[in-house]
Amino acid sequence: MKHQWIQRVGALGLVFFSFFLESCSNTGVTEDPYIDPHIIFTSRRWWNYDIFITDIYGGHMTHLTKNKWLDINPAVSPDGSKLAFVSDRDGGNREIYTVDLVWMDGYTQWEGRNLTNITQTQGHDWTPKFSPSNDKIVYTTFFPETDNYDVFLMNVDGTEKKNLTNSTWYEKYPQFSSDGSFIIYQAWQKGKMEIFFTNLLDENIINLTRNTQFHDIMSQGNAISPDGQKIVFTSERDGNRNIYVMNTDGTEQTQLTDHSAHDYEPVFSPDGLSIVFTSERDGNKEIYIMNNEGKNLTNLSNNLADDWNPRYYPDNRKIVFQSLRDGPINWEIYMMNLNGSGQTNLTNHPRTDYSFVVLPLQNP
């Protein structure tokens, strides 16, 4: 009996010792994914604009790209593993860089590894967007010598660059459909903004709005419905800016809002059932929500200061937006619940915070 008791104590000690060793080995980089929701944004809180990451509870802030150059316009891959951003660190022109996002357990929180210039062009590269499959990026390049913008597609490592538009017009702000089969983008023709469609299989280009008299303006966030069937946009065809929706082939262009003040920046919810947008119908910029048929309009932000640029959080229960409520020149990033409650300052700094994206949920 005494011998068996000694064996059990010895086995228990071995288990404890193994657990202790494993705990010690996990004091550096953790293999587990991040748990808390995070946003990535641009801020000028050092001596220039850099990329920052913070959780939505205000508990941890990581200064990711800390350097003397301009780093702006972040985009994150759908799996949350890679960050793309625009930087002028190689000289006078702006190029697209990527880093691998590594979650650290402890004080550092986040680390960006394998910094890579993936465009390496003479022009200025802007607005990177990842494909749903994480392997492609669409972006815009400005060519100063010809005063022209074109939309490009490349692999996520920067190889196989392809000019998808290659025209004398301005083409900007591309974004992928939810299945990655096509892109839409903003184009200027005859001095007016229109929305274009390109199928990536045959690269056929289609003018969807076909309205050369008035501006039709594509939202830069979730303009395409999750099922890939609808596009929400802003049009000035009624004398001011109102929200419209159309099929992805350009048919059935339908007006959703009808107000003498401007409505703009519409984006679809993750489930496609509602739309948030910015409205000036209360005398300042406010965040409104409506269903996808333009009904049940509600002012969510309801603040005397300007609130604009709304985005749904991936859980479909929160909205992230910009606000000036902390000062006339102090842009901050806020979050609120879908009914407008719980409005919280996520960035909370006296310098400018803007150009945010949301890290995909790891544990939705």
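Any value given below was found using the heavy atoms of this structure, including those in side chains, with hydrogens, waters and symmetry copies removed. Numbers here simply count residues along the sequence, with the first being 1.
No more than 12 heavy atoms of other residues, nucleotides or ligands shown are found within 6.0 angstrom of CD on Gln122. A 6.0 Å sphere centred on CG of Leu304 holds no more than 12 heavy atoms belonging to other residues, nucleotides or ligands.
Asn67 places a side-chain N or O within 3.5 Å of a backbone atom of Thr65 that can act as its donor or acceptor partner. Within the 3.5 Å criterion, the main-chain N or O of Glu286 finds no donor-acceptor partner in the side chain of Asn284. Here the side chain of Ser81 pairs no donor or acceptor atom with the backbone of Asp79 at under 3.5 angstrom. Using modelled atom types, no side-chain atom of Gln253 and backbone atom of Val245 make a donor-acceptor pair closer than 3.5 Å. Counting only distance, with no hydrogens or angles, the side chain of Asp55 and the backbone of His60 share a donor-acceptor pair below 3.5 Å. For Thr198 (side chain) and Ile183 (main-chain N/O), no donor-acceptor pair under 3.5 Å exists by modelled atom type. Here the side chain of Asn222 pairs no donor or acceptor atom with the backbone of Arg311 at under 3.5 angstrom. At least one donor-acceptor pair under 3.5 Å links the side chain of Ser167 to the backbone N or O of Trp169. Within the 3.5 Å criterion, the main-chain N or O of Asp179 finds no donor-acceptor partner in the side chain of Ser181. With hydrogens and angles ignored, the 3.5 Å screen pairs a side-chain donor or acceptor of His349 with a backbone N or O of Arg351.
In the model, Glu332 has a side-chain atom that pairs as donor or acceptor with a side-chain atom of Asn330 under 3.5 Å. No side-chain donor from either of Asp135 and Asn155 sits under 3.5 Å from a side-chain acceptor of the other. Remark: the Ser274 side chain and the Tyr312 side chain contain an N/O donor-acceptor pair separated by less than 3.5 Å. Tyr354 and Asn309 form no side-chain donor-acceptor contact under 3.5 Å, judged by distance and modelled atom types alone. In the model, Ser133 has a side-chain atom that pairs as donor or acceptor with a side-chain atom of Ser131 under 3.5 Å. Side-chain contact, Asn303 with Ser301: no donor N or O sits under 3.5 Å from an acceptor N or O. Inspection of the Asn93 and Asp88 side chains reveals no N or O donor paired with an N or O acceptor under 3.5 Å. A donor and an acceptor atom, one from each side chain of Thr140 and Thr127, are located under 3.5 Å apart.
Relative orientation of the Tyr149 and Phe142 rings is tilted, given thresholds of 30° and 60° on the angle between their planes. Note: Tyr264 and His262 have perpendicular aromatic rings, judged against thresholds of 30 and 60 degrees for the angle between ring planes.
Salt bridge annotation for Asp50-Lys66: absent, with no cationic side-chain nitrogen under 4.0 angstrom from a carboxylate oxygen. Salt bridge present: Glu236 and Arg241 bring a charged side-chain N and a carboxylate O closer than 4.0 Å. The pair Arg45-Asp353 meets the salt-bridge criterion, with a side-chain N (NZ, NE, NH1 or NH2) lying under 4.0 Å from an Asp/Glu carboxylate O. A salt bridge links Arg89 to Asp71: one of the charged nitrogens lies within less than 4.0 Å of a carboxylate oxygen. Here Lys82 pairs with Asp100 in a salt bridge; the nearest charged N to carboxylate O distance falls below 4.0 Å. Between Asp216 and Arg237 there is a salt bridge, with a side-chain nitrogen of the basic residue lying less than 4.0 Å from a carboxylate oxygen of the acidic one.
Under the 4.5 Å side-chain heavy-atom criterion for Ile, Leu, Val, Met, Phe, Trp and Tyr, Phe130 and Ile96 are members of the same hydrophobic cluster. In the hydrophobic clustering of ILVMFWY residues, with side-chain heavy atoms under 4.5 Å counting as a link, Leu101 and Tyr97 come out together. Both Trp188 and Ile195 belong to a common hydrophobic cluster when Ile, Leu, Val, Met, Phe, Trp and Tyr are linked at side-chain heavy-atom distances under 4.5 angstrom. Hydrophobic clustering, with ILVMFWY side chains joined whenever heavy atoms are under 4.5 angstrom apart, keeps Phe41 apart from Trp126.
Among residue pairs with one or both ends in residues 150-162, those qualifying as salt bridge (Lys or Arg N to Asp or Glu O under 4.0 Å) are Lys162-Glu203; sequence neighbours excluded.
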How far apart are the C-alpha atoms of Val138 and Phe176, what are their side-chain angles, what is the distance that settles it, and do they pass the side chain to side chain contact (heavy atoms under 4.5 Å, CB included) test? CA-CA 8 Å; Val138 288; Phe176 283 99; 3.4 Å; yes

Given Glu265 and Phe277, is the side chain to side chain contact (heavy atoms under 4.5 Å, CB included) satisfied, shown in steps? CA-CA 5 Å; Glu265 297 179 329; Phe277 61 97; 5.6 Å; no

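Rounded to the nearest 0.5 Å, atoms CD1 (Ile39) and OH (Tyr313) are 8.5 Å apart. Distance check, rounded to the nearest 0.5 Å: CD1 of Ile137 to CZ of Phe152 gives 14.0 Å.
When Asp263, Asp282, Thr278, Thr298 are each tested for a side chain to side chain donor-acceptor pair (under 3.5 Å) with Tyr288, only one passes: Asp282.
Counting heavy atoms from C-beta outward, Pro314 and Pro360 have side chains that stay 4.5 Å or more apart. In this structure, the side chains of Asp258 and Asp238 stay at 4.5 Å or more apart for every pair of heavy atoms. Under the 4.5 Å side-chain criterion, counting only non-hydrogen atoms from C-beta, Gln220 is not in contact with Lys172. Residues Asp307 and Gln322 form no side-chain contact, since every pair of their non-hydrogen atoms from C-beta on lies 4.5 Å or further apart. Contact check for Tyr170 versus Gln189: no side-chain heavy atoms found under the 4.5 Å cut-off.
When ring centroids are compared, Tyr173 and Tyr185 stay outside the 6.0 Å threshold. A ring-centre distance under 6.0 Å is found for His38 and Trp110. Aromatic ring centres of Phe182 and Phe196: separated by at least 6.0 Å.
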